[in-house]
Structure formats: structure tokens, C-alpha cells
> 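I have a structure I would like to understand better, so I am pasting it below and will then ask my questions one at a time.
All values below were derived from every heavy atom in this structure, side-chain atoms included, with hydrogens, water molecules and symmetry-related copies excluded.
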Amino acid sequence: MIKKLIAILTLATSSVYADQTLTAQAWLVADHNGKILEGSNMSEVRSIASITKLMTAMVVLDSGQSLTEIIPKKLYNKQLTREILIDLAIVKSDNNAAQMLCDYYPGGYKSCIDAMNQKALALQMINSTFTDPTGRMHTNVSTAHDLIKLVFAASTYPLIVQASNMDAVRWNISKKKNIEFRNTNSLVGHGYKFLVSKTGFINKAGGCIVMMIDTANGIRTVVLLGSKNTKTRIPEAKLLALAY
């Protein structure tokens with residue numbers, strides 16, 4: 001199967017080398033209806049690292065809090081709005097931004113974590129548990145099967161879709177200086193249309209990525225967990241997205 005995937009993708013793009021193989025420990029590809037086209041170890045419970053931040057963003061958006069409200073605590077020596085914190089959490093995978101979103105959630109941090117787990121149950125993510133809003137804790141776990149549901153739910157939030165397609169978060173510091181935080185998914189900004197994109201990495205989880213992307217074959221959702229490192233996860237996800 002791996003040789004077949006490589007052969008197909010080699011025809012589609014010159015950026016993937018012929019000796020590339022999947023290192024991911026669990027993965028799947030699904031179509032626009034969520035039908036699984038192919039996968040491996042899809043029910044294996046694994047740490048999901050910063051994929052967690054999609055759930056954090058969703059419960060914050062569900063809360064109805066003002067997106068233009070300026071959060072009192074500073075990040076990068078600036079007081080930022082809730083919307084910018086969401087952008088930083090999705091685009092840069094900023095742990096401090098995700099933490100602040102939860103700290104300033106109605107009822108505080110614990111209420112935020114409770115909401116994340118309640119949302120998981122509502123989405124029938126029965127093998128998923130969230131213990132912090134950033135994904136730094138290895139006890140944030142899920143399965144490839146469950147994460148399809150997370151991705152499809154995230155795709156219904158316009159702000160998440162918008163952030164998923166931002167190649168960077170940019171601020172103008174002055175007329176001659178600006179600051180830029182690049183998207184952790186290097187495919188963003190290179191001609192692909194994303195509905196959802198979120199990467200993740202901690203040692204326990206390995207390289208992780210979920211994405212819903214518009215391809216020549218239609219909308220494809222890729223869930224990839226336990227790739228060797230941060231350099232392998234994106235080429236592997238691209239290989240899967242374009243192969244089916």
C-alpha cells in the first residue's frame with residue numbers, strides 16, 4: 001500500500017521523494033462525507049498534542065464571548081483580543097494563547113476544560129479526553145476515528161476556517177518594522193484551500209496533523225498521529241491527501 005501511495009503522489013507532485021515512507025503510527029483519509037477511504041490503527045488511543053487547540057477554540061467560540069474584547073494579560077508584550085489569541089493558537093500553535101483563552105473562559109480554567117470534554121461527548125468522541133487547553137500534557141488523547149468528528153465540527157466555525165488558511169499572523173510594529181508568526185503547516189499559503197488545519201508535537205505524541213483540504217479528487221480529511229517528527233508529518237499528510 002505504501003508503494004502504491006508513493007507511486008501515485010510521485011505523478012502528482014515533484015516535491016515528494018520516491019523513497020519516502022509513512023512513519024505515522026495511526027492515520028486515515030476520509031472523503032467529504034466522512035467516509036474512510038483508507039487508514040491504519042484508526043482506533044488506537046494516542047496523545048494528540050496541539051491538535052487539542054481546535055477543541056479549545058471551539059468551546060471559546062461556543063461561549064459567545066466577545067472576540068474583540070482585549071484580554072488583560074499581555075502576550076508578546078501586547079494586550080491582544082480574543083480573536084487574535086485564537087488565530088495564534090491555530091496558526092502558530094501558541095501555547096500561551098491557548099492557555100489565556102481558557103483562563104479567561106466563563107467560570108475560569110476548570111470550566112473551560114469541562115466544556116472541552118462535554119463537547120467531545122456531544123460529538124460522540126468516546127475515546128477522547130482533554131486535560132489541558134494546549135496539548136502540552138500527554139493525557140490529551142484521542143483516536144483517528146474520533147478526530148474525524150473533531151475536524152468536521154471545526155470546519156463549521158468560520159474563524160477556524162479563516163485561521164487555517166492564514167500562512168502567518170502579522171502585526172505592524174511601526175512603519176519600518178513588523179512581526180510575523182508563520183503557520184506550523186508549511187502547506188498553507190502555497191495554493192491549497194484548507195477548511196481545517198492543525199499540527200501538533202510532543203515527544204509522547206510524535207508528529208501529528210489533522211487537515212481538511214480541497215484536492216483535485218474533492219474534499220479530503222487527513223488524520224495523522226505518531227509520525228516520526230515535525231519534519232515528516234506534513235509530507236506524509238500531503239501524500240495521503242493527494243493519493244485518494
> Quiz question: by atom type and distance under 3.5 Å, do the side chains of Lys53 and Asn95 form a donor-acceptor pair?
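Distance-only check passes for Lys53 and Asn95.
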> Taking atom types as modelled and ignoring hydrogens, do the side chains of Ser93 and Lys198 form a donor-acceptor contact shorter than 3.5 angstrom?
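A donor-acceptor contact under 3.5 Å links the two side chains.
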> For residues Asn41 and Ala26, report the shortest heavy-atom separation together with the two atoms involved.
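What the structure gives for the nearest pair is O-CB, 3.3 Å.
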> Under a 3.5 Å cutoff, is there a donor and acceptor pairing between the side chains of Thr215 and Asn217?
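Checked: Thr215/Asn217 side chains show no N/O donor-acceptor pair below 3.5 Å.
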> With a 4.5 Å heavy-atom cut-off, do Met211 and Val223 have their side chains touching?
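Met211 vs Val223: side chains apart.
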> Using only atom types and a distance under 3.5 Å, with no angle test, would you say the side chain of Glu44 pairs donor to acceptor with the backbone of Ser142?
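Not a single qualifying donor-acceptor pair exists.
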> Please name the pair of heavy atoms, one in Tyr104 and one in Pro72, separated by the smallest distance, quoted to 0.1 Å.
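Closest approach of Tyr104 to Pro72, heavy atoms only: CE2-CD, 3.6 Å.
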> Do Asp103 and Gln99 have side-chain atoms, one donor and one acceptor, less than 3.5 Å apart?
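Yes.
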> For the residue pair Tyr157 and Asp62, confirm or rule out a side-chain donor-acceptor distance under 3.5 Å.
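Note: Tyr157 and Asp62 side chains meet the donor-acceptor criterion.
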> Closest approach of Ile48 and Leu225, non-hydrogen atoms and distance?
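What the structure gives for the nearest pair is CG2-CD2, 4.3 Å.
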> Dump the intermediate steps for salt bridge (charged side-chain N to carboxylate O under 4.0 Å, His left out) on Asp167 and Arg182, then the final yes or no.
CA-CA 6 Å; Asp167 65 331; Arg182 300 293 301 177; 3.6 Å; yes
> When you measure from the side chain of Asp214 to the backbone of Lys193, do you find a donor-acceptor pair of N or O atoms at a distance under 3.5 Å?
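No, because the side chain of Asp214 does not come within donor-acceptor range (under 3.5 Å) of the backbone of Lys193.
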> Would you tell me whether Tyr76 and Asp94 have side-chain atoms, one donor and one acceptor, within less than 3.5 Å of each other?
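On atom types as modelled, these side chains qualify, holding a pair under 3.5 Å.
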> Kindly say whether Pro133 contributes a backbone atom to a donor-acceptor pair with the side chain of Thr56 at under 3.5 angstrom?
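Yes, because the side chain of Thr56 sits within donor-acceptor range (under 3.5 Å) of the backbone of Pro133.
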> Do Leu195 and Val151 have side-chain heavy atoms sitting under 4.5 Å apart?
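Sidechains of Val151 and Leu195: no contact.
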> Check the side chains of Thr81 and Glu83 for a donor-acceptor pair under 3.5 angstrom, ignoring hydrogens and angles.
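Note: Glu83 and Thr81 side chains miss the donor-acceptor criterion.
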> How long is the straight-line distance from CE of Met42 back to CG of Asp146, given to the nearest 0.5 Å?
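Result: 12.5 Å between the selected atoms.
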> Under the criterion side-chain contact (heavy atoms from CB on, under 4.5 Å), I'd like the reasoning laid out for Trp27 against Leu22: C-alpha separation, chi angles, the key distance, then a yes or no.
CA-CA 9 Å; Trp27 59 271; Leu22 290 178; 3.8 Å; yes
> Minimum heavy-atom separation for Gln65 and Tyr105, please, with both atom names.
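Where Gln65 meets Tyr105 most closely, the heavy atoms are OE1-CA, 3.8 Å.
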> Any side-chain heavy atom of Leu150 sitting closer than 4.5 Å to one from Ile51?
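A side-chain contact under 4.5 Å exists here.
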> Counting only heavy atoms not in Lys149, do more than 12 fall under 6.0 Å of its NZ?
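Counting neighbours around NZ of Lys149, more than 12 heavy atoms of other residues, nucleotides or ligands fall under 6.0 Å, so yes.
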> side-chain contact (heavy atoms from CB on, under 4.5 Å), that's the test. Do Ile86 and Leu61 meet it? Break it down for me.
CA-CA 9 Å; Ile86 290 173; Leu61 291 168; 3.8 Å; yes
> Out of curiosity, Leu147 CG to Thr221 OG1, how far, rounded to the nearest 0.5 Å?
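Atom-to-atom, Leu147:CG and Thr221:OG1 are 11.0 Å apart.
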> Less than 3.5 Å apart, any donor N or O on the side chain of Ser43 or Thr143 sitting next to an acceptor on the other?
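Judged by distance alone, the side chains do not pair up.
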> Has the side chain of Asn127 got a donor or acceptor atom that lies under 3.5 Å from a matching backbone atom of Val45?
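Looks like no, no N/O pair under 3.5 Å.
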> Any donor and acceptor pair, going by atom type alone, linking the side chain of Asn183 with main-chain N or O of Ala168 inside 3.5 Å?
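Not confirmed, Asn183 side chain does not pair with Ala168 backbone.
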> Between Asn140 and Arg136 (side chain of the first, backbone of the second, donor and acceptor by atom type, cut-off under 3.5 Å), is there such a pair?
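A pair under 3.5 Å: no.
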> Report yes if the side chains of Leu28 and Val222 come closer than 4.5 Å at any heavy-atom pair, otherwise no.
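Of all side-chain heavy-atom pairs linking Val222 with Leu28, none is under 4.5 Å.
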> Between Ser47 and Cys208, what is the shortest heavy-atom contact and its length?
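Heavy-atom minimum between the residues: O-SG, 4.1 Å.
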> Whether the Thr68 and Ser66 side chains hold a donor-acceptor pair (N or O, under 3.5 Å, no angle test) is what I'd like checked.
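Indeed, the side chains of Thr68 and Ser66 share at least one donor-acceptor pair under 3.5 Å.
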> Apply side-chain contact (heavy atoms from CB on, under 4.5 Å) to Val29 and Ile36, showing your working.
CA-CA 6 Å; Val29 186; Ile36 296 172; over 6 Å; no
> Taking side chain as C-beta onward, heavy atoms only, is Ile70 less than 4.5 Å from Leu80?
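Side-chain contact under 4.5 Å: no.
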> Check the angle between the aromatic planes of Trp171 and Phe181 and answer parallel, tilted or perpendicular using the 30° and 60° thresholds.
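Because their plane-to-plane angle is over 60°, the rings of Trp171 and Phe181 count as perpendicular.
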> Would you say Asn185 and Ser197 are linked by a side-chain donor-acceptor pair, where the criterion is simply a distance under 3.5 Å?
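Distance-only check passes for Ser197 and Asn185.
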> Strictly distance-based, threshold 3.5 Å: is any side-chain N or O of Arg220 a donor or acceptor partner for the main-chain N or O of Met212?
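Here the side-chain-to-backbone pair does not exist.
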> Using a distance-only test with no angle check, is there a side-chain donor-acceptor pair under 3.5 angstrom linking Thr23 and Glu236?
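Looking only at side-chain atoms, Glu236 and Thr23 do form a donor-acceptor pair, the distance falling under 3.5 Å.
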> Is there a donor-acceptor pair under 3.5 Å between the side chain of Arg233 and the backbone N or O of Ala24?
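Not a single qualifying donor-acceptor pair exists.
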> Using every non-hydrogen atom in the two residues, find where Val91 and Ala163 come nearest and quote the distance to one decimal.
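Smallest interatomic distance, heavy atoms only, reads CG2-O, 3.3 Å.
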> Crowded around Glu180 CD? As in, over 12 foreign heavy atoms under 6.0 Å?
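Result for CD/Glu180: enclosed.
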